[in-house]
Amino acid sequence: MLAADGTPLKRSLAKALRAQKLRALALIAPLLLFVLITFIAPIADMLFRSVDDSQQGTVHGTMPLTAEALKDWDSATGELPDNAVFDAVYTDLFVAAERKLHTRVGSRLNYEKTGSSSLFRKTGRGLDDIGEVYQDQFEDLNPNWDEGTPWAELMGSPDWLTSMQGWEEGQPLPPFELRDGVADLLPRTAAIYQVFADFQIVEEENSLLDEEPWSIVHTRLYEDLRAGDFSTYSGPRAEMVKAADALVDTAEFETVTIKDGFEAIDEDWLDVDLWQTVKAYSTAYTAGYFLNAIDMQKTPEGMALRDENQRIYGLLFKRTMFMSMVITFSCIMLAYPVAYLLANLPMRTANLLMILVLLPFWTSLLVRTSAWKVMLQQQGVINDVLVWIGMVGDDARLVMINNQLGTIIAMTHILLPFMILPMYSVMSTIPPYYVRAAKSLGATNWTSFWRVYFPQSVPGIGAGSILVFILAIGYYITPEIVGGNTGTFISNRIAYHISSSLNWGLAAALGSILLAAVLILYWAYDRIVGIDNVKLGG
């Protein structure tokens, strides 16, 4: 069968349907894009951060050589890693200290092992001591070993050296190029000098002709001189290199192992627990944040609960759930009669009552919370009234603030409109003649309410309960102001890790668990009550 234009009717219908779908997609595209950018993307980023341990400031992101070296170390043996691991840590931490990143690694590990932050900070200050053992002896042999130009001539290519010598202030610095063959002659020295050169040129914008190398460069020079034969070397600065080679072979030449150097900085580097922690958190992706969020940790034997005095997040999750349920129940109890009156009073009176409901709703959250702070304190209005009417003594004023009671009272008041409005929307659609019919058939007031009116108002209770519970579970301003030590929620801890401790991984893990808990409760609510029974209006 053909259409009016001669094309097959089936193809013509499919083309028209496709055009309709494209127009519909174009209409919702701005909203879809907005939701993706403002809702989906932040949540996806949060979920990724909860397992990501590869950014700057982590063992994997800042100490790559250490992470690689620790792969071959069996942390369950109880023995310290070998010298290769200490050597990798020496290089990684030296570079990290120059870039001011070593303290961030220490802070990251401090979440898992207390004292790591101060250890890494102290080590960053003491690493020069290892290299200065060799630097001082080379400098005593020839002062040029502590100057920038001789090192640049020894390590740099002739073309780069020419460009560097012709460089003038204000011009871009030429990128460093190693001289041909120097990486074979002095492999470890060339590797660390390349890092030093790139750091000085790119990040510090300094001329290598004026900058003396890091002390670790002298350590690597000693290691190369001990391992190689330089008797036939005839390149740049050959006399310096041959003299240094002869010096390191003498019995008087002082040396220090990297492990001894770290022990001299701080004996905690000989603590196997520290290395086990470093290894446990040296991977790019980790479950450590989630384990921490449920008061567990990685150990050489596997996952284990933290010590009793370190478990805080489980308590906060339980408290958040319990208090959110109490607040939701309190809102139901207070909102139901108010919504009933709104739905059944004459319009003029109901409108006046609705204004009283909405007035607090339009008032600033901070103002309402601060008002409760004033009302509930021991020298506040409520206690003054109770003392005045003689219900409590002046020396026995009630403690109603900076605890769970204060949080429940303040949040119940703040969230009450979110319960009243859905209830009112549903109750206003319940025909009043249903109750009258029940009474005309002999039902008592209670029976007609409980068996006729209440079942029809359940969708409003469900809608309000979901709304209030989900809002309560994520509240942090009110608990922060009136909750004290016992009335704060898990959301307060998330806010602390985001804004103060900067442990975003743990904050993301806590947020992910909170999100999962809400989704599970939503699923359970749908299974038990049925989300189809939830209505916000007629």
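For the numbers below, each heavy atom of this structure counts, side chains included, while hydrogens, waters and symmetry mates do not.
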Give the minimum heavy-atom separation between Val482 and Gly406, together with the two atoms involved.
CG2-O, 3.8 Å

If the condition is ring pair (Phe, Tyr, Trp, His ring centres under 6.0 Å), which residues does His413 pass it with, not counting sequence neighbours?
Trp372

At what distance, to the nearest 0.5 angstrom, does CG of Leu13 lie from CZ of Arg18?
11.5 Å

Counting neighbours of CZ on Phe329 that are heavy atoms of other residues, nucleotides or ligands and sit closer than 6.0 Å, is the number greater than 12?
no

Tell me if the centroids of the rings in Tyr453 and Tyr340 come within less than 6.0 Å of each other.
yes

Answer yes or no: are there more than 12 heavy-atom neighbours, outside Phe449 itself, under 6.0 Å from its atom CZ?
yes

Tell me if the CG atom of Asp74 is crowded by more than 12 foreign heavy atoms within 6.0 Å.
yes

Evaluate the criterion side chain to side chain contact (heavy atoms under 4.5 Å, CB included) for residue pair Asp273 and Lys113; output intermediate values, then yes/no.
CA-CA 9 Å; Asp273 287 345; Lys113 182 174 177 57; 3.8 Å; yes

May I ask you to test the Thr62-Asp92 pair for a side-chain heavy-atom distance under 4.5 Å?
no

Check the angle between the aromatic planes of Tyr313 and His497 and answer parallel, tilted or perpendicular using the 30° and 60° thresholds.
tilted

Are any non-hydrogen side-chain atoms of Asn503 and Tyr496 less than 4.5 angstrom apart?
no

Looking only at heavy atoms, what is the nearest atom pair of Val59 and Leu109, with distance?
CG2-CD2, 3.8 Å

Please check if the number of heavy atoms outside Trp269 that lie under 6.0 Å from its CH2 is greater than 12.
yes

Full working for side chain to side chain contact (heavy atoms under 4.5 Å, CB included) between Met411 and Phe489:
CA-CA 12 Å; Met411 287 188 62; Phe489 285 5; 3.9 Å; yes

Residue Glu267 excluded, over 12 heavy atoms near CD under 6.0 Å
no

Validation row, ring centre Phe418 to ring centre Phe361 under 6.0 Å:
yes

For Trp388, look at atom CH2 and say whether over 12 heavy atoms of other residues, nucleotides or ligands are found less than 6.0 Å away.
no

Does the pair Met419 and Leu467 meet the rule for a side chain to side chain contact (heavy atoms under 4.5 Å, CB included), with working shown?
CA-CA 7 Å; Met419 183 68 78; Leu467 198 57; over 6 Å; no

Closest heavy-atom contact between Ala339 and Ile420?
CB-O, 4.0 Å

Not counting sequence neighbours, which residues clear side-chain contact (heavy atoms from CB on, under 4.5 Å) with Glu79? List them please.
Thr77

Non-hydrogen side-chain atoms of Thr283 and Asp53 separated by less than 4.5 Å:
no

Trp362: ring pair (Phe, Tyr, Trp, His ring centres under 6.0 Å) partners, not counting sequence neighbours
none

From CA spacing to verdict: side chain to side chain contact (heavy atoms under 4.5 Å, CB included), Arg493, Thr320:
CA-CA 11 Å; Arg493 202 65 186 173; Thr320 301; over 6 Å; no

Can you tell if the side chain of Val51 reaches within under 4.5 Å of the side chain of Tyr289, non-hydrogen atoms only?
no

Are Asp384 and Arg397 close enough for a salt bridge, meaning some N to O gap below 4.0 Å?
yes

Are Lys373 and Ile401 side-chain neighbours, meaning at least one heavy-atom pair lies under 4.5 Å?
yes

On a heavy-atom basis, which atom in Ser50 and which in Phe290 lie closest, and how many Å separate them?
OG-CE1, 3.2 Å

Does some side-chain heavy atom of Met323 sit less than 4.5 Å from a side-chain heavy atom of Ile408?
yes

Result of checking Arg311, Gln310, Arg306 against Glu308 for side-chain hydrogen bond (donor to acceptor under 3.5 Å, both in side chains):
Arg311

Distance, nearest 0.5 Å, that separates CD of Gln56 from CZ of Arg108:
14.5 Å

Would you name the heavy atoms of Ala69 and Ala88 that are closest together and state the gap between them?
CB-CB, 4.1 Å

Heavy-atom closest pair (Ala438 atom, Val452 atom, distance to 0.1 Å) is CB-CG2, 3.8 Å

Are Ile430 and Ser457 close enough that some pair of their side-chain heavy atoms sits under 4.5 Å apart?
yes

So how far is it from Glu112 CD to Leu506 CG, rounded to the nearest 0.5 Å?
8.5 Å

